[in-house]
Amino acid sequence: MTTPNPLYDDLQWRGLIYQSTDEQIPHILNTPRTVYVGFDPTADSLHIGSLLGLQVLRRFQQAGHRPVALVGGATGMIGDPSGKSDERQLLSVDRLRENVVGIERQMRQFLDFDEGPCQAVLVNNFDWMRRFSFLDFLRDIGKNFPVNVMMSKESVKNRISRDGGGISYTEFSYMLLQAYDFVHLQQEFDCSMQLGGSDQWGNITAGIDLARRLHGVQLYGLTWPLLLKSDGTKHGKTEGGSVWLSAERTSPYKFYQYWINVDDSDTANCLKFLTELDREEIQDLEKQVAESPERNIGQRRLAEELTRIVHGDAGVKLAQKATEIMFGGEIGDLSDATLLDIFSQLPSHQIDAQKLNDGLSLVEAFVLAGIAKSKGEARRAVEQGGAYVNNRRVQDVNYELTQNDLASESVVVLRRGKKSYGLLRIS
RNA sequence: GGGGGGUUUCCCGAGCGGUCAAAGGGGUCAGACUGUAAAUCUGAUGGCAGCGCCUUCGCAGGUUCGAAUCCUGCACCCCCCA
């Protein structure tokens, strides 16, 4: 009979428990623990894929455990073969250092680093790995890894059986590094549990084995299922590339929009996995999505919650206001400041006031504003009814912009199709 | 070492001397329908000027009034026999 644990129950209800190394884990979580999740520093910003890990850590912290966020500065140099089909591109040391700095900053939005018993800790495994000599590592760590066991891990097996690239010795060794991370964190911070996506299972258990052999310590691991969309693809990829957490790479508006556009069938899952809304509220939203999906209530709430966590209240406000304007009617009677604020992430182009007076063709304006690659493309858009000035459709190919087309003191808002906007600033 | 096949527009893939800016499919973009959805349907899809010009069919030359289509050389890829 295990002692029920509120955190574990909640995780279970949310569907976040995929595999567990020990059935005693709910019981174990009844005393404060130090737990860790690893993050890849493949870019100077985290993207949506990392949200889940951050939120899980946050849940643990709020339940009274101490979260350790490990940035893989060292392991990032090697490349985790798990879930990858090809050998990974190695990052330069400098590149990695920059990435780690950027990621650290973002972590602070999720975890509480203020002093206290649950104070979050941020570590970079490069800090301890760099001091390890190759010989020491082989003697102290490598010795404890039977190759036949390593070979039987899914991540390795998948790569070895492939006729193509196979796996390099470097990536093959990846799991030793991650295993040692776990052991190190146990020694340093008394960290006793590692959390990760289901693709991390092999790496987590490798760490547990190593700790037992090396120090006779019992460690634990939990994995969550990979958050996939109902069509089986990963979250966070759009036509424009990944959805990032940094406002510079993905504007709050775009971030918000990503979640607004989540499929009905994926909404409940996202709410459970990623938000901190409670059970009643999520069930209520689920019901509303089922009853009147056209109202997008679940998506709206999801977008709002996540945008708030990542970009704050100001970000939410900006995103919602932008949404209102972008998907509303005609644009007019607005101030420059409002428009520029909302459309700050959009391509824009300065033009001379004189040019507007001389007559600027709509087609040319589309090219200038960067929403059409060529005049031919712009012309097509107009002919097909996909061109808008201040959200008002214009179908005349020979249309010329004038002062009357200003939406505010000095801005004209051009739009192509449903969602692609560009600005023209008159000066 | 010998023999054969290939390299086409974003991708796949037809074309085999003029009617080819190049079939078809995918993708992408736009429109209709919708819920800023899915599915579906329609249109567009080298550039510039509007029925004309310019740049494209691995690379470089050549034969022709005219080549993606023929010839020569080069590069890369694949297959078969040793």
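These numbers come from a predicted model, not from an experiment. The sequence lines fix the lettering, A, B, ..., with proteins before strands; numbering per chain opens at 1.
Shown are A:L424, A:I325, A:L339; of these, the side-chain contact (heavy atoms from CB on, under 4.5 Å) with A:V413 is made only by A:L339. Evaluated for a side chain to side chain donor-acceptor pair (under 3.5 Å) with A:Q299, the options A:D263, A:D264, A:D266 yield exactly one hit, A:D264.
Following rounding to the nearest Å, A:R416 (CZ) and B:U36 (C1') show an atom-to-atom distance of 18 Å. For the pair A:Y421 OH and B:U36 P, the interatomic distance rounds to 13 Å; values are reported in whole Å. Atoms CZ (A:R380) and C1' (B:C48) sit 12 Å apart, rounded to a whole Å. Protein atom CD of A:Q384 is 8 Å distant from nucleotide atom C1' of B:C29, rounded to whole Å. Taking atom CD1 of A:I371 as the reference point, atom C1' of B:C29 lies 13 Å away to the nearest angstrom. For the pair A:D264 CG and B:A37 P, the computed distance is 11 Å after rounding to whole Å. Between the CZ atom of A:R393 and the C1' atom of B:A30 there is a distance of 10 Å, given to the nearest Å. With rounding to whole Å, A:I297 atom CD1 is found 13 Å from B:U36 atom P.
B:U8 and B:A68: their C1' atoms are spaced 7 Å apart (whole Å). B:C57 sits 10 Å from B:C20 when the C1' atoms are compared, rounded to a whole Å. Between the P atoms of B:C80 and B:G61, the separation comes to 36 Å (whole Å). Only the C1' atoms considered, B:C10 is 28 Å distant from B:U19, to the nearest whole Å. Atom name P, nucleotides B:U63 and B:G15: the rounded distance is 28 Å, in whole Å. The gap from the P atom of B:A32 to that of B:A23 amounts to 28 Å, rounded to the nearest Å. One P atom belongs to B:U36, the other to B:U42, and the distance between them is 24 Å to the nearest Å. Between the C1' atoms of B:G18 and B:U64, the separation comes to 12 Å (whole Å).
Distances shorter than 4.0 Å separate some side-chain N or O of A:K419 from OP1 or OP2 on B:A37. Contact annotation: A:R379 does not reach the phosphate of B:G47 (side-chain N/O to OP1 or OP2, under 4.0 Å). Side-chain nitrogen and oxygen atoms of A:K375 include at least one within less than 4.0 Å of the OP1 or OP2 phosphate oxygen of B:A49. A close approach under 4.0 Å does not occur between any side-chain nitrogen or oxygen of A:T323 and OP1 or OP2 of B:U36.
Along RNA chain B, the nucleotide nearest to A:I260 and the one nearest to A:K373 differ in position, and the one closer to the 5' end is contacted by A:I260. Between A:E377 and A:G386, it is A:G386 whose nearest contact on RNA chain B lies nearer the 5' terminus.
With ring centers used as reference points, A:Y388 lies 6.0 Å or more from A:Y421.
Formation of a donor-acceptor pair under 3.5 Å by the A:N124 side chain with backbone atoms of A:G73 is found in this model. Looking at A:R416, its side chain does come within 3.5 Å of a backbone N or O of A:I371 through a donor-acceptor pair.
Residue A:R295 is classed as having no contact, given no heavy-atom separation below 4.0 Å to the nucleic acid. In this structure, A:Y388 reaches the sugar-phosphate backbone alone: every heavy-atom distance under 4.0 Å involves primed, P, OP1 or OP2 atoms, never a base. Among the atoms of the strands shown, none is found under 4.0 Å from any heavy atom of A:E383. Looking at heavy-atom distances under 4.0 Å, A:R415 makes no contact with the nucleic acid at all.
Under the Watson-Crick or G-U wobble criterion, with both distances below 3.5 Å, B:A21 has no partner in any strand shown. Here B:U63 sits opposite no nucleotide as a Watson-Crick or G-U wobble pair (both hydrogen-bonding atom distances under 3.5 Å). Look at B:U36: it lacks any Watson-Crick or wobble partner with both distances under 3.5 angstrom. Under the Watson-Crick and G-U wobble criteria, each requiring two contacts below 3.5 Å, nucleotide B:G43 is paired to B:C29. Summarising the base pairing, B:U56 is matched to no nucleotide, lacking a Watson-Crick or G-U wobble pair whose two defining distances lie under 3.5 Å.
Salt bridge A:D10/A:K272: absent, no basic N to carboxylate O contact under 4.0 Å.
A donor atom on one side chain and an acceptor atom on the other are found under 3.5 Å apart for A:N30 and A:N5.
For the pair A:R108 and A:F113, the cation-pi test (distance below 6.0 Å, angle within 45°) is passed.
Counting only heavy atoms from C-beta on, A:K418 has its side chain closest to B:C33 among B:A30, B:G35, B:C33. When distances run from any side-chain atom of A:Q299 to the nucleotides B:C33, B:G35, B:G47, the shortest one goes to B:G35.
For A:Q257 against B:U36, a side-chain N or O and a base N or O form a donor-acceptor pair under 3.5 Å.
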